[in-house]
Amino acid sequence: QVHLVESGGGSVQAGGSLRLSCAASGRTIRSYGMGWFRQAPGKEREFVAAMNWSGGSTYYADSVKGRFTISRDNAKNMVYLQMNSLKPEDTAVYYCAVCRTLRVVTTPTGYNNWGQGTQVTVSS
């Protein structure tokens, strides 16, 4: 069983940057696609970014494309989300998760082993 812990969230002003980290323990994640999702108050959990097991393929929500970058370090069992040019609408709790399928998907139902989340707040 993989245990995921997110960190790096915080409060920033619009236009600022944050780097989220997702530390995996209990089992290596090198064979799995990984994803980042977010959930704002009163809204459903939505896809942000994902990466296949090797890091060779990445996927982004249209709302973050060009601003966010997902990366991974399989040797360290870590996944990252670099967030630049942050906007107030990026405010949410951000979660990382393990993709359950061989092919990376962008729906929350395709993921498990969710972390506890890290809060990102962007003020205008």
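Heads up: numbering here begins at 1 and tracks the sequence. All values reported here derive from a predicted model rather than from experimental measurement. The analysis underlying the following values was restricted to heavy atoms, covering all of them including side chains, and did not include hydrogens, waters or symmetry mates.
- Note on Y111 and Y32: separate hydrophobic clusters, where clusters join Ile, Leu, Val, Met, Phe, Trp and Tyr whose side-chain heavy atoms are under 4.5 Å apart, directly or indirectly.
- Distance alone, capped at 3.5 Å, is enough to place a donor-acceptor pair between the E6 side chain and the C96 backbone.
- For the pair V79/I70, a side-chain contact is recorded, criterion being any heavy-atom separation below 4.5 Å from C-beta on.
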Residues 12-22 side chain polar contacts: donor-acceptor under 3.5 Å, at least two apart:
{"unit_1": "S17", "atom_1": "OG", "unit_2": "N84", "atom_2": "OD1", "d": "2.9"}

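- For the atom pair Y94 OH and T118 OG1, the distance stands at 10.5 Å (nearest 0.5 Å).
- From N113, atom CG reaches atom CZ of R27 across 9.0 Å, with rounding to the nearest 0.5 Å.
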* Tell me, with the steps shown, if R30 and T28 meet side-chain hydrogen bond (donor to acceptor under 3.5 Å, both in side chains). => CA-CA 6 Å; R30 67 178 64 209; T28 179; 3.2 Å; yes
* To do: In sequence, state the C-alpha distance, the side-chain angles, and the governing distance for V48 and L81, and then conclude on side chain to side chain contact (heavy atoms under 4.5 Å, CB included).
  => CA-CA 9 Å; V48 175; L81 186 67; 4.1 Å; yes
* Let me see the working for T91 and V120 under side chain to side chain contact (heavy atoms under 4.5 Å, CB included), right down to the final yes or no. => CA-CA 5 Å; T91 295; V120 172; 5.8 Å; no
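- Cluster membership for Y95 and L4, using ILVMFWY side-chain heavy atoms within less than 4.5 angstrom, is not shared.
- Follow the hydrophobic side-chain contacts under 4.5 Å out from M34 and you never reach W114; the two are in separate clusters.
- Distance alone, capped at 3.5 Å, places no donor-acceptor pair between the N52 side chain and the G33 backbone.
- Sorted by first and then second residue, the ring pair (Phe, Tyr, Trp, His ring centres under 6.0 Å) pairs involving residues 45-87 (not counting sequence neighbours) are F37-F47.
- Residue pairs meeting the salt bridge (charged side-chain N to carboxylate O under 4.0 Å, His left out) criterion with at least one partner in residues 74-99, sequence neighbours excluded, are R38-D90, R67-D90.
- Around CD of Q116, the count of heavy atoms belonging to other residues, nucleotides or ligands within 6.0 Å exceeds 12.
- Taking CD1 from I29 and CG from N74, the interatomic distance works out to 6.0 Å, rounded to the nearest 0.5 Å.
- A23 pairs by the side chain to side chain contact (heavy atoms under 4.5 Å, CB included) definition with M78, not counting sequence neighbours.
- In the hydrophobic clustering of this structure, V98 groups with M51; members are Ile, Leu, Val, Met, Phe, Trp, Tyr whose side-chain heavy atoms approach within less than 4.5 Å, directly or through other members.
- Residue pairs meeting the disulfide (SG to SG under 2.5 Å) criterion with at least one partner in residues 33-81, sequence neighbours excluded, are absent.
- Among residues two or more places apart in sequence or in another chain, the side-chain hydrogen bond (donor to acceptor under 3.5 Å, both in side chains) test is passed with T121 by Q119.
- Counted within 6.0 Å of NZ on K43, heavy atoms from surrounding residues, nucleotides or ligands total 12 or fewer; the atom is thus considered open.
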* To do: Determine, stepwise, if the pair V105 / C99 fulfils side chain to side chain contact (heavy atoms under 4.5 Å, CB included).
  => CA-CA 7 Å; V105 295; C99 188; 4.1 Å; yes
